[in-house]
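Each ligand, and each atom within it, is numbered from 1 in the order the structure gives.
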Amino acid sequence: MLTLTNRKKILSNKPMTWMEKIYLPSIINGLKITIRHLFKKKITIQYPEDKRVFSTNFRGLHSLKRDEYGRERCTACGLCALACPAEAITMISAERKDTEVNLYREEKYAKEYTINMLRCIFCGLCEEACPKKAIYLDGNIPMPDINRENFIFTKEKLLDN
Ligand code: SF4
Ligand code: SF4
């Protein structure tokens, strides 16, 4: 908050001194700050050549998992979609044929599974809600893109991740 004294100082019409007019002290002060920062440890990194080491809690892009036999873990129960506060997950479930059930163990599967990354806020609730350990946020950071369609992640893309 501006006090009365501060306001007076800002509105002061006092003529500049000779030293103030040549701006030399200000330039020297500025250079001193620049030189001081030249020798300090740099906190910026040259991304994408240099990659930052993420914390173990880091939440990156989603991936859908398979079990040790290569079968999709997801059974399209819908709990992740229910837990998602951004309504970013949609799916269509389907039932396997009788002949396939033995092979896949579970009767239901996600015929389609989509995450709209433009809506996702990376809260991780889908991962926590999943009873089958089928979805994890263990991928990279989302890459920028100018095409909105590239942010719609299909089941195939999520399984690839
Ligand atoms: S991380 Fe959060 S916002 Fe993103 S899909 Fe999962 S539940 Fe939804
Ligand atoms: S990812 Fe998990 S919670 Fe979501 S539908 Fe599949 S099994 Fe259910």
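Which parts of ligand 2 touch C77 is read off a 4.0 Å heavy-atom cut-off, strictly below it: atoms 3 (S), 5 (S), 7 (S), 8 (Fe). Less than 4.0 angstrom separates some heavy atom of C80 from each of these atoms of ligand 2: 1 (S), 3 (S), 4 (Fe), 5 (S). Below 4.0 Å from some heavy atom of F122 lie the following atoms of ligand 1, by number and element: 1 (S), 4 (Fe). Those atoms of ligand 1 that come under 4.0 Å of a heavy atom in I89, given as number and element, are 5 (S). Set against the non-hydrogen atoms of M91, the atoms of ligand 2 under 4.0 Å away are 5 (S). Close approach to H62 involves these atoms of ligand 1, each under 4.0 Å from a residue heavy atom: 1 (S), 4 (Fe), 5 (S), 6 (Fe). Within ligand 1, the atoms closer than 4.0 Å to a non-hydrogen atom of C84 are 3 (S), 5 (S), 7 (S), 8 (Fe), numbered from 1 in the order shown. In the vicinity of G78, heavy-atom distances shorter than 4.0 Å reach the ligand 2 atoms 5 (S), 8 (Fe). Remark: ligand 1 atoms within the under-4.0 Å shell around heavy atoms of I121 are 3 (S), 4 (Fe). The T75 neighbourhood of ligand 2 comprises atoms 6 (Fe), 7 (S), with distances under 4.0 Å to a heavy atom of that residue. Of all the atoms in ligand 2, the ones that sit under 4.0 Å from a non-hydrogen atom of A76 are 5 (S), 6 (Fe). Of all atoms in ligand 2, numbered sequentially from 1 with element shown, those under 4.0 Å from a heavy atom of P131 are 3 (S).
Taking 4.5 Å as the limit, some side-chain heavy atom of F58 sits within range of a side-chain heavy atom of I141. You'll find the side chain of E95 reaches within 4.5 Å of the side chain of K108, heavy atoms only. Using a 4.5 Å heavy-atom cutoff, the side chains of M143 and N150 are not in contact.
Between T90 atom OG1 and E112 atom CD the span is 8.0 Å, to the nearest 0.5 Å. Between the CG atom of L38 and the CD1 atom of I33 there is a distance of 12.5 Å, given to the nearest 0.5 Å. How far CG of L137 is from CG of L125: 10.0 Å, rounded to the nearest 0.5 Å. Here the CZ-CD1 distance, from R119 to I89, works out to 11.5 Å after rounding to the nearest 0.5 Å. Separating the CD atom in E68 from the CZ atom in R73 is a distance of 6.5 Å, to the nearest 0.5 Å. A distance of 7.5 Å separates CG of N57 from CZ of R59, quoted to the nearest 0.5 Å.
Taking the centre and axis of the six-membered ring of Y109, the NZ or CZ atom of R96 falls inside the cone set by 45° and 6.0 Å.
Partner D138 forms a side chain to side chain contact (heavy atoms under 4.5 Å, CB included) with one of K65, H62, E127 and no other, that one being K65.
For E127, no heavy-atom contact with ligand 1 is shorter than 4.0 Å. Residue C126 does not touch ligand 2, judged by heavy-atom distances below 4.0 Å. Proximity of R73 to ligand 2, defined as any heavy-atom pair under 4.0 Å, is not found for any part of the residue.
What sits closest to atom 6 (Fe) of ligand 2 on the protein, heavy atoms only, is C74 SG, 2.4 Å. Given atom 4 (Fe) of ligand 1, the protein heavy atom at minimum distance is C120 SG, 2.3 Å. In this structure, the protein non-hydrogen atom closest to atom 2 (Fe) of ligand 1 is C123 SG, 2.2 Å.
Between A83 and ligand 1 there is no heavy-atom distance shorter than 4.0 Å. Ligand 2 lies out of reach of A129, whose nearest heavy atom is not under 4.0 Å from it.
With respect to E72 and K155, a salt bridge is recorded, a charged nitrogen being found less than 4.0 Å from a carboxylate O.
Within the 2.8 Å limit, C130 places no N, O or S atom next to atom 6 (Fe) of ligand 2.
Counting only distance, with no hydrogens or angles, the side chain of E20 and the backbone of T17 share a donor-acceptor pair below 3.5 Å.
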